J.: 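Dumping the structure here so I can ask a few things about it.
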Amino acid sequence: MVLRRPRRQFLPEVTLMPGRRPSALPAVLTGLLAGLAAGCVSSSVTPSFETDRYADHVRVLASDDFEGRRPATAGEEKTVAYLEQEFRRAGLQPGASGSFRQPVSLVELRTRPDAALRISGAGGDTLLKYADDAVYWTKRVVPELALTDSDLVFVGYGIVEPAMGWNDYAGLDMRGKTAVILVNDPGFATGDPELFNGRAMTYHGRWTYKYEEAARQGAAGAIIVHEEAPAAYPWEVLRNGAARPQLAIYTPPEATSLVGVEGWMTRDAAVKVFLAAGLDYDTVKAAAAKRGFRAMPLPLRATTRVANDIHRITSNNVVGILPGANRPDEYVIYTAHWDHLGRTAEGSGDTIFNGAVDNATGTAALIELARAFGEVRPRPERSVVFVGFTGEEYGLLGSEYFADHPVVPLAQIAGGFNMDGMAVNGRTRDVTVVGYGASELEDYLAAAAAGQGRVLAPEPTPEKGSYYRSDHFMLARKGVPMLYARAGIDSEQHGPEWGLQQNTDYISHRYHKPSDEFDPDWDLSGAIQDLELYFDVGLMLAMEQGFPNWRPGNEFRAIRDQSRAGGAASQ
Ligand SMILES: [Zn+2]
């Protein structure tokens, strides 16, 4: 089946979401749209996307032969070779020092923790049993690390945000001490829209941020209190995750960018710990959500030890660049993680995590976008960068490495698109935007979507913090405006309830399970619809001169302003 439909690029009259005035469009974009309508900017060659070709990529990448695409396995070699071949075929140039491969030095850590985390106080010892009450590990590349009578300090949400006048570590010297930290942020806890974006999760609410900040403060240990609603997943996820070998970016053993011991404790364990300190957990938790909260040193000490089996490995990001015709030193970027979870250790039944939706579909989209941009004539004015990231499933490792070791100056990237899971249930009337309201790129997306007769819709569950849970985030936190859109919910054929039901069904039955397999019965017309959309947005960006920004109030705007000012100064 070959799906060809007339390519409707951009309508001259832009239909926006209700409540959004057309004047919200940047002037340069309005001009560009008018230009496209008048036929003076549009490309003479407009590529098309075909279902069969797209499906073939997904089928190959998700096949048992690719072994679930775990980094540094035979499955990686096949995946990376496939991406290289397709990038070359698309006419891309190698993007990483003359190679399509950007090596990423990783370490595989198998933690052997002590059986318990001992909390000592005047009233005796409280033992937090590993797996049942607490999980802990070290990501430092050392064979062994101990906490010995480390003073506990309750630091509330563990947030330092000068722009908000918030500092949970004010006046503290955390050296040698262990921080006890609440998950999520005061906005989620109180629902106050003035605090950390209300119920929607911010970067400061993510567990990764908690460990990073504790490390900046020089803490020896950092233990987060798990609660299911603000964490957005049950304790089992943490317990099972901690039992698997961890992958991390290799850091020298002496590096202090990581807290010594990272971990979580259950809410029940936290109640016991605070009781041992003569405090009521719910009372101190409520206090921590209020402005002016001061951290509380607890009359308790933590002791435990973790050992590591260390195995160094090398994986690869795959980077290709299509040089721009007029402004090759300005960039548009498309990203998708190629990796997935590999195979299970157990031998019974299906042992391969094929990762078909997650993220063979996004990787196939990356390949198809590369091919399409390679066919655009005349060439786009700006360069277009395509990156297949490694290690997303293990903590956004490849994208973190790429953001720290960019192959092009980040200040020169006008904006980009991350793809993690494409539509497999047909065409939709809407486009789900994760992290809705974040950047001016949404104006481009809205305009292109209007050209398809579609509207933008926010993600249904912003409190889950999905914007912080895929690769675009690593670029966003360096200031690069990144879009993360997903399949819409409002199915053309079956309506929104059915669409939502399909999503829920996928999350419960296939997400991160061996059953996430290629299905010949998928309706990939929605993926093709989204490919056309993502292509249109990228082409708009590649043809114009503006540099979109984050919207006022967004947590990444100041970083972008600084990076753009620095980038301009260095030219
Ligand atoms: Zn994914």
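Remember, it's 1-based here, ligands and their atoms both numbered in the order they're listed. If you're wondering where the values come from, they're calculated on a predicted model, not measured in any experiment.
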J.: I'd like to verify the contacts: list protein N, O or S atoms under a distance of 2.8 Å from the Zn ion (ligand 1).
T.: His337 NE2, Asp358 OD1, Asp420 OD1, Asp420 OD2
J.: Given the side-chain rings of Phe188 and Phe196, with only the six-membered ring counted for Trp, is the space between their centroids under 6.0 Å?
T.: no
J.: Check whether any side-chain N or O of Thr363 sits under 3.5 Å from a backbone N or O of His337 as a donor-acceptor pair, and report yes or no.
T.: yes
J.: Using only atom types and a distance under 3.5 Å, with no angle test, would you say the side chain of Glu532 pairs donor to acceptor with the backbone of Phe49?
T.: no
J.: With a 4.0 Å cut-off, would you call Asp56 and Arg59 a salt bridge?
T.: yes
J.: Got a salt bridge between Arg429 and Asp490, using NZ or NE/NH1/NH2 to carboxylate O under 4.0 Å?
T.: yes
J.: Kindly state whether the ring of Tyr468 and the ring of Tyr209 have centres lying under 6.0 angstrom apart.
T.: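 Between Tyr468 and Tyr209, the centre distance exceeds or equals 6.0 Å.
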